[in-house]
Amino acid sequence: MLGNTVCVQGSAVGYTAAPWYNQEYHQGNPNSTTGSVIDYKQGPSSTVDPSETIGTWSISGSGTSTVLNYSYTGGPNFTYKVFDVGGGSYDFCDTNNASNVIPVIYIKQGQVAC
């Protein structure tokens, strides 16, 4: 996840107001398993709606027990198992609620727009 932007399509989560529900960059030190979550918005150089830090991420566990943890500032925490479903897309499955699956997630290299 380090150094990548996770892109969640609005239609994947029932959100139709915009094409992307989330564009979250995973910042951290090299070889790190933890760091900051940055909402891309209109990009870091935007004067209208610049990127901002909205929480932290971390990876814990190993092998098939590896999970991705999110802690959002002033908001909820989430823990997901990540599944590669092919074609460059992934499913994030909530470990606390098996019926909560966020499908069709794309992961792009760098702090970029989806």
Using atom types as modelled, flag every donor-acceptor pair under 3.5 Å from a side chain in residues 42-51 to any protein atom, sequence neighbours excluded.
| residue | atom | partner | partner atom | Å |
| --- | --- | --- | --- | --- |
| Ser46 | OG | Val48 | N | 3.1 |
| Ser46 | OG | Asp49 | N | 2.9 |
| Ser51 | OG | Tyr40 | O | 2.7 |

Can you measure from [atom1] ([X]) to [atom2] ([Y]) and round to the nearest 0.5 angstrom?
X     : Y     : atom1 : atom2 : value
Thr66 : Ile59 : OG1   : CD1   : 8.0 Å
Ile38 : Thr53 : CD1   : OG1   : 4.5 Å
Ser60 : Leu68 : OG    : CG    : 8.5 Å
Asn22 : Asp39 : CG    : CG    : 7.0 Å

Task: Residue pairs fulfilling disulfide (SG to SG under 2.5 Å) with at least one residue in residues 52-81, sequence neighbours excluded - done: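 Every candidate disulfide (SG to SG under 2.5 Å) pair involving residues 52-81 fails, so no pair, neighbours aside, qualifies.
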
TODO: Write out all pairs satisfying disulfide (SG to SG under 2.5 Å) with one or both partners inside residues 66-114, taking only residues at least two apart or from two chains.
DONE: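 Listed once each, the pairs are Cys7-Cys114.
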
Please find the pair of heavy atoms, one from [X] and one from [Y], that lie closest to each other, and give the distance.
X     : Y     : result
Gln27 : Leu2  : C-CD1, 4.0 Å
Met1  : His26 : O-CB, 3.3 Å
Lys81 : Val67 : CG-CG1, 3.8 Å

Task: side chain to side chain donor-acceptor pair (under 3.5 Å) partners for Thr79, two or more places apart - done: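 Partners of Thr79 under the side chain to side chain donor-acceptor pair (under 3.5 Å) test: Asn69.
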
Task: Contacts of type side chain to side chain donor-acceptor pair (under 3.5 Å), residue Glu24, not counting sequence neighbours - done: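 Per chain and number, Glu24 pairs via side chain to side chain donor-acceptor pair (under 3.5 Å) with Tyr72.
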
Open item on the list: Consider ring pair (Phe, Tyr, Trp, His ring centres under 6.0 Å). Of Phe92, Tyr90, Trp57, which one does Tyr80 pass it with?
Closed with: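 Between Tyr80 and the candidates, ring pair (Phe, Tyr, Trp, His ring centres under 6.0 Å) is satisfied uniquely by Phe92.
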
Return a table of donor-acceptor pairs under 3.5 angstrom between the side chains of residues 98-108 and protein atoms on other chains or two or more places apart.
| residue | atom | partner | partner atom | Å |
| --- | --- | --- | --- | --- |
| Ser99 | OG | Asn97 | OD1 | 2.7 |
| Asn100 | ND2 | Asp94 | OD2 | 3.1 |
| Lys108 | NZ | Ala113 | O | 3.2 |

Task: Sub-4.5 Å side-chain heavy-atom contact between Val37 and Tyr70 - done: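 Val37 vs Tyr70: side chains touch.
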
Task: Residue pair Glu52 / Lys41, side-chain heavy-atom distance below 4.5 Å - done: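 Side chain of Glu52 against side chain of Lys41, heavy atoms only: contact under 4.5 Å found.
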
